[in-house]
Amino acid sequence: IWQKYTGGAWGAIDGATSSTYTIASVVAGNAGKYRVIASHDCDRTSNEVTLNVPSAPVFGTVPSSVSVMQTQAVSISTVSATGATGYKWYKSADGTYDAGSDTEVGTSQSLIKAYDSEGTGSPSYYLFCVASNSCDTTVSSAIAVNVTAFVDEDCAIVGNSGEHNTYAQTGSVSSGTCQAQPRSGSL
């Protein structure tokens with residue numbers, strides 16, 4: 001008779017009365033301690049055996065989106081999966097993961113995709129992280145990548161008296177600040 005240790009006590013496994021016990025399709029719930037009691041003239045208990053069932057990686061927090069300028073690198077370093085031994089990143093146009101058609105863009109836990117020349121939009125494309133171990137793989141939720149067009153142009157400012165003055169950019173429009181110096185007088 002085969003037994004499993006559950007809830008602090010040994011209990012018989014229904015139908016497990018032969019010299020071997022086989023679990024046809026092992027799942028996480030099968031993990032635990034097992035033993036067999038062989039009986040003849042007197043009961044004898046075998047040594048315990050422990051069945052460890054590795055589980056698929058489990059993702060922690062995954063960002064839902066990242067925003068970058070068209071000329072900046074995409075950098076994601078906050079994704080991790082418990083139990084993972086390997087990572088792969090894939091780029092998807094439509095927000096659904098398809099290993100057969102999506103482009104692999106990285107093979108480490110963190111992703112840095114240099115110089116994003118993708119078209120602009122919200123979102124422009126999606127990223128998925130696939131975490132794996134010897135047991136299984138797990139796909140993260142989609143990370144929307146919102147690419148903003150790079151702006152490299154002069155700032156146009158209207159003065160107090162209503163005249164239109166043109167100023168040359170000396171700062172960074174892409175950072176959201178426009179530091180300007182007068183380029184010409186009134187137009």
Side-chain angles (χ1 to χ4, degrees), residues 1-68 72-114 116 118 121-147:
I1 298 176
W2 283 89
Q3 297 179 327
K4 182 177 181 187
Y5 192 77
T6 307
W10 289 100
I13 301 170
D14 289 338
T17 58
S18 68
S19 61
T20 60
Y21 176 60
T22 302
I23 302 171
S25 194
V26 177
V27 295
N30 296 125
K33 294 181 182 181
Y34 292 84
R35 72 180 182 183
V36 64
I37 298 177
S39 58
H40 190 19
D41 290 335
C42 53
D43 287 343
R44 298 182 65 96
T45 303
S46 70
N47 290 331
E48 296 175 10
V49 63
T50 300
L51 174 63
N52 293 314
V53 180
S55 60
V58 177
F59 278 99
T61 303
V62 175
S64 60
S65 67
V66 294
S67 297
V68 295
Q72 291 179 321
V74 174
S75 177
I76 302 172
S77 60
T78 58
V79 174
S80 66
T82 303
T85 57
Y87 293 87
K88 287 188 179 183
W89 288 87
Y90 291 88
K91 179 180 137 187
S92 165
D94 63 2
T96 57
Y97 172 70
D98 181 355
S101 64
D102 292 345
T103 305
E104 184 179 313
V105 294
T107 58
S108 65
Q109 181 176 352
S110 299
L111 173 69
I112 298 177
K113 184 177 173 276
D116 204 323
E118 301 297 325
S122 295
S124 297
Y125 59 93
Y126 299 85
L127 293 170
F128 290 91
C129 183
V130 178
S132 61
N133 62 21
S134 61
C135 177
D136 208 350
T137 60
T138 302
V139 179
S140 74
S141 56
I143 302 170
V145 179
N146 303 308
V147 180

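Excluded from the calculations below are hydrogen atoms, water molecules and symmetry mates; all remaining heavy atoms, backbone and side chain alike, are included. The structure presented is a predicted model; accordingly, all values stated were derived computationally and were not measured.
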Checklist line | Side chain to side chain, Val74 and Tyr125, heavy atoms closer than 4.5 Å | finding: yes
Check: Does the Asn133 side chain pair with the main chain of Ser55, one donor and one acceptor, at a distance under 3.5 Å?
Finding: yes
So CZ of Phe128 and OG1 of Thr96: to nearest 0.5 Å the spacing works out to 6.5 Å
- Side-chain contact test, heavy atoms from C-beta onward, threshold under 4.5 Å: evaluate it for Ile143 versus Tyr126 and give yes or no. no
The reported gap from OG in Ser124 to CG in Asn146 (rounded to nearest 0.5 angstrom) is 6.5 Å
| request: With Arg35 as the cation and Trp2 as the aromatic partner, state whether NZ or CZ is under 6.0 Å from the six-membered ring centre and within 45° of the axis. | output: no
Between the NZ atom in Lys4 and the CD1 atom in Ile13, the distance rounded to the nearest 0.5 Å is 7.5 Å
Query raised in the report: Heavy-atom distance under 4.5 Å between the side chains of Tyr34 and Thr50, does that happen here?
Result: no
Could you walk me through whether Val27 and Val53 pass the side-chain contact (heavy atoms from CB on, under 4.5 Å) check?
CA-CA 7 Å; Val27 295; Val53 180; over 6 Å; no
Sorted by chain and residue number, the side chain to side chain contact (heavy atoms under 4.5 Å, CB included) partners of Thr137 (sequence neighbours excluded) come out as Val130, Ser132
So CH2 of Trp10 and NZ of Lys33: to nearest 0.5 Å the spacing works out to 7.0 Å
Between the OH atom in Tyr21 and the CG atom in Leu51, the distance rounded to the nearest 0.5 Å is 9.5 Å
Heavy-atom nearest pair, Asn30 first then Ile23, reads OD1-CG2, 3.7 Å
Using side-chain heavy atoms (C-beta onward) and a distance below 4.5 Å, is Val105 in contact with Leu111?
yes
ask   = In this structure, are over 12 heavy atoms from other groups packed under 6.0 Å from Ile1 atom CD1?
value = no
Q: Mark yes when over 12 heavy atoms from residues, nucleotides or ligands other than Lys88 sit less than 6.0 Å from its NZ; otherwise mark no.
A: no
**Asked** Any donor and acceptor pair, going by atom type alone, linking the side chain of Tyr87 with main-chain N or O of Ala81 inside 3.5 Å?
**Response** yes
**Asked** Does the side chain of Val36 come within less than 4.5 Å of Gln3's, by heavy atoms?
**Response** no
- prompt: Does any non-hydrogen side-chain atom of Ser65 lie less than 4.5 Å from one of Val145?
  reply: no
In terms of heavy-atom contacts, Thr85 and Ser134 come closest through OG1-N, 4.5 Å
Note: Ser80 and Gln109 closest approach over all heavy atoms is CB-NE2, 3.0 Å
(request) Verify whether one side chain among Ser92 and Asp94 offers a donor that lies under 3.5 Å from an acceptor in the other. (result) yes
Taking the side chain as every heavy atom from C-beta outward, state whether Val139 and Tyr90 have any atom pair closer than 4.5 Å. no
>> Within the structure provided, determine whether Phe59 and Thr138 are in side-chain contact (heavy-atom separation under 4.5 Å).
In response: yes
Q) Can you tell me if Ser108 uses its side chain to pair, donor with acceptor, with the backbone of Ser110 under 3.5 Å? A) yes
